[in-house]
There are 2 protein chains.
Amino acid sequence: MACVDFVRVERARQALPDDATVRTLADTLKALGDPTRLQIVIALATEGVGELCVCDLAALVGVSESAVSHSLRTLRHLRLVRYRKTGKIAYYALDDVHVGRLVTEGLQHVEEAP
Amino acid sequence: MACVDFVRVERARQALPDDATVRTLADTLKALGDPTRLQIVIALATEGVGELCVCDLAALVGVSESAVSHSLRTLRHLRLVRYRKTGKIAYYALDDVHVGRLVTEGLQHVEEAP
DNA sequence: CCAACGTCTGAGCAGTCGTTCAGGCATCTG
DNA sequence: CAGATGCCTGAACGACTGCTCAGACGTTGG
């Protein structure tokens, strides 16, 4: 306990966002930390794809439409995706550009050679 | 099931990374999806901070040193942080630049006005 | 109007996660 | 050497998560 560098700790503490922001960001990243939801987001981030309906996403990711719907609800509540409904079909798309960039940055990290 | 747009689905499927990459990226994002680990990474990403030891991080985040150590192990195994040991003190830092940029991009998304 | 369709939802279960607790290993100090 | 310090680790417990299942809702086509 005695080895704490108070100067640096204080500097880091002031740079930390408030708790609410940290928690929201954590929730967002946690949502993207599930393979099903991550594939959904990557698919929607693909250039030339644009919108996909629940059926499309279920077929693409390879899970039930119910599971996709649950996943989409999570992504919706975090404002990672938005949807447009025409008749009985719901078309989903990414909500804002940061999401796509975030995933891209993540992929660059993962694909770096060890 | 009949509403699937095979053209778009196929286009999206070919853009999807292989399963191993998706899983690794998901694991990485899930790791950042925990408030404790996220605060550690944000702290280490703060300009002018550089390195912090386990004590510092425990004091900063407000959890036990054991919990920090467990969290750091997870981050280490995913190559999100690296450490340097001098004597009995272990100094942790971010492993590569993408991690900091990823968190920054995430913060920009969260701090956007609704 | 009725049946089929696309989607959404709540409950429940198996699996996972983060923390605490107790203890172990090096390293430094007196 | 003996104790203290900084850090790491495995086990275990409560909390949470993502899926399946069954059913409900609104829309569309015959």
Side-chain angles (χ1 to χ4, degrees), chain A residues 1-6 8-9 19 22-23 26-41 44 51-78 80-93, chain B residues 1-6 8-9 19 22-23 26-41 44 51-78 80-93:
Chain A
M1 235 351 179
C3 82
V4 178
D5 183 338
F6 289 103
R8 264 199 285 209
V9 168
D19 272 20
V22 169
R23 203 161 321 151
D27 288 344
T28 302
L29 294 169
K30 195 193 304 180
L32 295 172
D34 172 65
T36 297
R37 289 191 294 258
L38 181 56
Q39 287 184 86
I40 290 175
V41 170
L44 295 177
E51 295 178 324
L52 291 173
C53 70
V54 179
C55 273
D56 292 341
L57 290 166
L60 175 61
V61 179
V63 301
S64 73
E65 299 173 19
S66 177
V68 169
S69 190
H70 278 292
S71 293
L72 285 170
R73 173 161 56 164
T74 302
L75 296 174
R76 233 165 40 217
H77 288 163
L78 290 164
L80 291 171
V81 303
R82 60 179 156 72
Y83 76 113
R84 167 179 73 86
K85 204 158 187 176
T86 67
K88 42 184 177 175
I89 300 185
Y91 292 99
Y92 280 84
Chain B
M1 234 353 180
C3 81
V4 178
D5 183 336
F6 289 103
R8 263 199 285 210
V9 169
D19 273 19
V22 169
R23 203 161 320 154
D27 288 342
T28 301
L29 294 169
K30 194 194 304 179
L32 294 172
D34 172 65
T36 297
R37 289 190 294 257
L38 181 57
Q39 285 185 86
I40 291 175
V41 170
L44 294 177
E51 295 179 323
L52 291 173
C53 71
V54 179
C55 273
D56 292 342
L57 291 166
L60 175 60
V61 179
V63 302
S64 73
E65 300 175 19
S66 176
V68 169
S69 192
H70 278 293
S71 293
L72 285 170
R73 174 162 54 165
T74 303
L75 296 174
R76 234 164 39 217
H77 288 164
L78 290 164
L80 291 171
V81 303
R82 61 179 154 72
Y83 75 115
R84 167 180 74 86
K85 203 159 187 175
T86 67
K88 42 184 180 175
I89 301 184
Y91 292 99
Y92 281 83

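Proteins get letters first, then strands, A, B, ... in listed order; numbering begins at 1 in each.
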Can you measure [X] atom [atom1] to [N] atom [atom2] for me and round it to whole angstrom units?
{"X": "A:Arg73", "N": "C:dG6", "atom1": "CZ", "atom2": "C1'", "value": "17 Å"}
{"X": "B:Glu65", "N": "D:dA4", "atom1": "CD", "atom2": "C1'", "value": "13 Å"}
{"X": "A:Leu57", "N": "C:dC8", "atom1": "CG", "atom2": "C1'", "value": "15 Å"}
{"X": "A:Leu52", "N": "C:dG6", "atom1": "CG", "atom2": "P", "value": "15 Å"}
{"X": "B:Tyr83", "N": "C:dA26", "atom1": "OH", "atom2": "C1'", "value": "12 Å"}
{"X": "A:Asp27", "N": "C:dG18", "atom1": "CG", "atom2": "P", "value": "13 Å"}

On a heavy-atom basis, which atom in [X] and which in [Y] lie closest, and how many Å separate them?
{"X": "B:Gln39", "Y": "B:Val61", "answer": "NE2-CG1, 3.8 Å"}
{"X": "A:Arg37", "Y": "A:Ala31", "answer": "NE-O, 2.7 Å"}
{"X": "B:Gly33", "Y": "A:Lys30", "answer": "O-CE, 3.4 Å"}
{"X": "A:Ala58", "Y": "A:Val68", "answer": "CA-CG2, 3.6 Å"}
{"X": "A:Cys3", "Y": "B:Ile89", "answer": "CB-CD1, 4.2 Å"}

Short heteroatom pairs, N/O only, protein and nucleotides 17-22 of chain D, under 3.5 Å:
from: D:dG18; atom 1: OP1; to: A:Arg37; atom 2: NH2; distance (Å): 2.3
from: D:dG18; atom 1: OP2; to: A:Arg37; atom 2: NH1; distance (Å): 3.2
from: D:dC19; atom 1: OP1; to: A:Thr36; atom 2: OG1; distance (Å): 2.6
from: D:dT20; atom 1: OP2; to: A:Ser64; atom 2: OG; distance (Å): 3.1
from: D:dT20; atom 1: O4; to: A:His70; atom 2: NE2; distance (Å): 3.3
from: D:dC21; atom 1: N4; to: A:Ser66; atom 2: OG; distance (Å): 2.8

Between A:Asp34 and A:Thr74, does the side-chain contact (heavy atoms from CB on, under 4.5 Å) criterion hold? Intermediate values first, please.
CA-CA 11 Å; A:Asp34 172 65; A:Thr74 302; over 6 Å; no

For B:Asp5, which residues count as a salt bridge (charged side-chain N to carboxylate O under 4.0 Å, His left out) partner, sequence neighbours excluded?
B:Arg8

Using a 3.5 Å limit on both pairing distances, list the dot-bracket string of DNA chain D from the 5' end; Watson-Crick and G-U wobble pairs count, crossing pairs take [ ], interstrand pairs take |.
||||||||||||||||||||||||||||||

side-chain contact (heavy atoms from CB on, under 4.5 Å) partners for B:Leu60, two or more places apart
A:Val9, A:Ala12, A:Arg13, A:Leu16, B:Ala43, B:Leu52

Looking at residues at least two apart in the chain, or sitting in another chain, which of them share a side-chain contact (heavy atoms from CB on, under 4.5 Å) with A:Arg76?
A:Arg73, A:Val81, A:Tyr83, A:Tyr92

Ordered by number, residues from residues 84-91 of chain A within less than 4.0 Å of DNA chain C (heavy atoms) are A:Lys88, A:Ile89, A:Ala90

Kindly compute the distance separating CG (B:Leu72) from OG1 (B:Thr36), expressed to the nearest 0.5 Å.
10.5 Å

With the side chain of B:Val54 defined as its heavy atoms from C-beta on, choose the nearest nucleotide among D:dC7, C:dG10, C:dT7.
D:dC7

Test your reading of the model: is there a side-chain donor-acceptor pair from B:Ser71 to the backbone of B:Ala67, 3.5 Å cut-off?
yes

Would you say B:Arg76 places a side-chain N or O within less than 4.0 Å of OP1 or OP2 belonging to D:dC7?
no

